[in-house]
Student: 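Have a look at this one before I ask anything.
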Amino acid sequence: MRVLDSELMKSYARMAMDGFNQGWHERNGGNLSYRMKAEEVEALRDDFKEGEWRVIGWQKGDESAFPGLAGEYFMVSGSGKYFRNIELDPEANVCIIELNEEGNRYRIVWGLRNGGMPTSELPTHLANLEVLKARDPEMRVVYHCHPGNTIALTFVLPLDSRVFTREIFEMVTECAVVFPEGIGIVPWVICGGRQIGEMTAEIMKKQDVAVWAHHGAFCCGKDFDLAFGLMHTVEKSAEILVKVLSMSPSKLNTITPENFRELNAPFSIHINEDFLYERKSNKIGYVPE
Ligand code: 2HA
Ligand code: ZN
């Protein structure tokens, strides 16, 4: 089967367009990777070519290895490519890469028809996908985007996972159900480098969302619906918080820790108690003692 005719390619392109339509992908902002299932690789193999093996590194001269992903195939967005163009011409903007048996070289087996490289965040995506696969072999999608409300909050909320998560949780009941382990926060660190990649992967060992201060967010999922839905849920809650903050620095009414605990049994979840601290004030951004 041709990659262009596959359900995988259609779902990937749809997610890219959905993200663009949300306003999360100005210019070449954002990147998306998907760890392919063995049956997807087999079904598309006839359409593959053999590119040259290349090192994987965060910086020039740097060589990194992701042994946990050895021999796997990934669909990834191209460096400098615009999400806006993915659905229109997937073959020019996306590629499929294969990792070698040591997990330290990759080659392009499909796509980037007019040349180019996988996303500048490739090592960061692979570091995250490796951690996620170890956590749950069904985890396949890593998504990076620039959602405006979530980014705006990184200027006014403490860059503390507990506080940031709690404020997001309180805006929409659904949040604590969808990501009961909360949001991890990476302070401003230069993007595209090893430090930010490793900090994000550390968060992904336990949490499904990492916010990069003054830049954007990373999230993961077992499929495109779950990864997109997760980002959409976080950003919706962030939008409500921006609206509330524009009216008042504090809340008259809110969801209490006891209310959150009531969700655990009916939704078969366990909301991490780290986020359910008592608040001495309803001021937005309150830091527990
Ligand atoms: O290139 O968003 O962080 C796209 C980015 C890098
Ligand atoms: Zn970015």
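Order of appearance sets the numbers: ligands from 1, and atoms from 1 within every ligand. Since the model is a prediction, treat every value here as computed from it, not as a measurement.
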Student: Flag His215 as yes if one of its N/O/S atoms falls below 2.8 Å of the Zn ion (ligand 2), otherwise no.
Tutor: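 So His215 counts as coordinating the Zn ion (ligand 2), yes.
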
Student: Out of all atoms in ligand 1, which are within 4.0 Å of some heavy atom of His146? Include the element for each.
Tutor: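 Ligand 1 atoms under the 4.0 Å threshold to His146: 2 (O).
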
Student: Can you check whether His144 has an N/O within less than 3.5 Å of an N/O in ligand 1?
Tutor: yes

Student: Sequence neighbours left out, what pairs pass ring-ring contact (aromatic ring centres under 6.0 Å, His included) with at least one residue falling in residues 91-139?
Tutor: His125-Phe218

Student: Considering the options Arg162, Arg279, Lys283, which one meets the salt bridge (charged side-chain N to carboxylate O under 4.0 Å, His left out) requirement together with Glu167?
Tutor: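 Exactly one candidate clears the test, Arg279.
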
Student: Which ligand 1 atoms, with their elements, are less than 4.0 angstrom from a heavy-atom of Glu121?
Tutor: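 Those atoms are 3 (O), 6 (C).
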
Student: Between Trp24 and His232, is any pair of side-chain heavy atoms under 4.5 Å apart?
Tutor: yes

Student: Can you confirm if the NZ or CZ of Arg166 lies within 45° of the ring axis of Tyr277 and under 6.0 Å from the centre of its six-membered ring?
Tutor: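 That pair qualifies as a cation-pi contact.
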
Student: Quick one: do the Glu121 and His144 side chains pair a donor with an acceptor below 3.5 Å?
Tutor: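 Side chains of Glu121 and His144: no pair found under 3.5 Å.
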
Student: If I take every N, O or S atom of His146, is at least one of them less than 2.8 Å from the Zn ion (ligand 2)?
Tutor: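 So His146 does bind the Zn ion (ligand 2) by this criterion.
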
Student: For ligand 1, indicate whether the residue Thr119 contacts it via side chain, backbone, both or neither (heavy-atom separation under 4.0 Å).
Tutor: neither

Student: Find all atoms of ligand 1 within a distance of less than 4.0 Å from any non-hydrogen atom belonging to Gly30, and give their numbers and elements.
Tutor: 2 (O), 4 (C), 5 (C)

Student: Under 4.0 Å from a heavy atom of Asn28: which atoms of ligand 1 are those, numbered in the order shown and with their elements?
Tutor: 1 (O), 4 (C)

Student: Using 0.5 Å steps for rounding, measure from the CE atom of Met75 to the CE atom of Met36.
Tutor: 6.0 Å

